[in-house]
Amino acid sequence: MIQTDLSDVPQRVSTGDLPSLSRVGRLITDAHERYASNDDGIVADYIPALAEADPSWFGISLVGVNGSRHAVGDVDVAFSIQSISKAFMFALMCERYGREELVARIGVNNTGLPFDSVMAVELNDGRPLNPMVNAGAIGTTALVPGENIDERWTIVREGLSAFAGRPLEMSEEVYESETRTNDRNRAIARLVYSYGRMAVDPAEAVEVYTRQCSLMVTADDLAVMGATLADGGVNPITGQRVVSNEASSDTLAVMASCGMYERSGEWLFEIGTPAKSGVSGGIVSIAPGKGATGLFSPRLDFAGNSVRGQHAAAYISCALGFNMFASSPHAREKSSLAH
Ligand code: GLN
């Protein structure tokens with residue numbers, strides 16, 4: 001990677017506002033109504049506990065960086081955070097070690113392969129390539145400092161809870177179910193370790209990672225967590241600085257390129273936001289400087305992304321101006337047209 005030294009250059013940020021509060025509320029409700037009857041996709045069952053989800057659940061929550069909140073549908077239903085934790089763990093470790101270290105150890109490029117791909121590791125000399133797939137996420141969790149599993153787990157739980165602005169609890173049921181069936185993750189971690197790219201016992205890294213994935217959140221929590229990254233690392237509800245501006249923008253960049261598995265490019269093309277999904281049906285979609293949407297509905301596409309969540313996120317991105325690439329001609333044209 002070309003790394004340009006910009007340490008002497010103050011970072012400027014582009015800004016923008018969400019539409020008025022009443023309009024945001026109406027658009028969120030519209031998004032829910034439009035896709036509530038979509039029954040495409042299937043509920044994940046490779047982790048047996050996930051198969052118990054009610055396929056009709058559908059919740060959308062939006063939190064602005066100014067602390068404004070809107071919610072519709074099943075926004076209080078708790079589900080396991082799964083892969084969405086990967087983005088926030090990357091932010092926490094970026095904060096702790098700095099971006100160079102994370103780029104060197106994990107990488108920030110899309111694999112183009114499924115989230116649990118062994119091939120991706122094998123083809124790249126054991127380098128996980130990015131923190132949003134299992135190899136890179138287990139590698140990121142392996143960086144959490146601590147003498148033992150419980151010390152590391154405490155750092156993970158407290159860090160993710162700070163993003164949510166409330167203490168998150170682990171589901172024993174999901175944890176046990178995933179522990180019984182996560183041979184593939186153990187194999188991936190051991191493979192990365194065999195290349196000399198993991199400093200701790202791979203079984204311990206998988207243990208902490210599995211607990212991390214079993215933390216229970218709601219669509220509301222996802223919106224607050226995402227809004228914290230949208231707000232330069234400050235939780236807009238609690239006011240707590242969770243990570244630095246730099247760690248936030250680095251995380252958003254990796255989410256934009258890698259957050260939606262093999263569909264990441266299509267997502268960026270169609271929806272145009274940094275986002276992360278998880279196999280329990282959650283998606284967080286972020287408008288940097290504005291806010292974030294937490295979406296939840298358990299039916300998934302082939303890659304593991306919530307179907308209704310993707311449709312609703314597309315609608316919200318279009319209708320609320322979340323798309324980072326959308327622009328319109330400068331005002332001068334409008335005034336010259338008017339005359
Ligand atoms: N805990 C899940 C796993 O490791 C997370 C996967 C996901 O959400 N895509 O398989």
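Each ligand, and each atom within it, is numbered from 1 in the order the structure gives.
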Please list, in number order, the atoms of ligand 1 under 4.0 Å from a heavy atom of [X].
| X | answer |
| --- | --- |
| Y261 | 7 (C), 8 (O), 9 (N) |
| C213 | 1 (N) |
| E178 | 1 (N), 2 (C), 3 (C), 4 (O) |
| Y46 | 2 (C), 3 (C), 5 (C), 6 (C), 10 (O) |
| G278 | 8 (O) |
| Y209 | 1 (N), 2 (C), 3 (C), 4 (O), 5 (C) |
| F115 | 6 (C), 9 (N), 10 (O) |

Legend entry - ligand 1 contact by N185, heavy-atom criterion under 4.0 angstrom: yes
Inset, instruction - Verify the neighbour count for atom OH of Y193: are there more than 12 heavy atoms of other residues, nucleotides or ligands below 6.0 Å? - result: no
Going only through I, L, V, M, F, W and Y residues with side-chain contacts under 4.5 Å, is there a path from [X] to [Y]?
| X | Y | result |
| --- | --- | --- |
| W267 | M132 | no |
| V254 | L160 | yes |
| F88 | V65 | no |

Legend entry - Winner among Q82, R184, K86, M132 once heavy atoms are compared against atom 5 (C) of ligand 1: Q82
Legend entry - atom 6 (C) of ligand 1: the protein heavy-atom neighbour that sits closest, reported with distance to 0.1 Å: S83 OG, 3.1 Å
Inset, instruction - Using a 4.0 Å heavy-atom threshold (strictly under), name the region of V279 that reaches ligand 1: side chain, backbone, both or neither. - result: both
Inset, instruction - Inspect the contact between D150 and R211 and indicate whether a charged nitrogen and a carboxylate oxygen are less than 4.0 angstrom apart. - result: yes
Inset, instruction - Please confirm whether Y35 and F58 have ring centers closer than 6.0 angstrom. - result: no
Inset, instruction - Please determine, by modelled atom types, if Y209 and E178 share a side-chain donor-acceptor pair under 3.5 angstrom. - result: no
Inset, instruction - State which residue, out of D116, N182, N185, fulfils the side chain to side chain donor-acceptor pair (under 3.5 Å) condition with N134. - result: N185
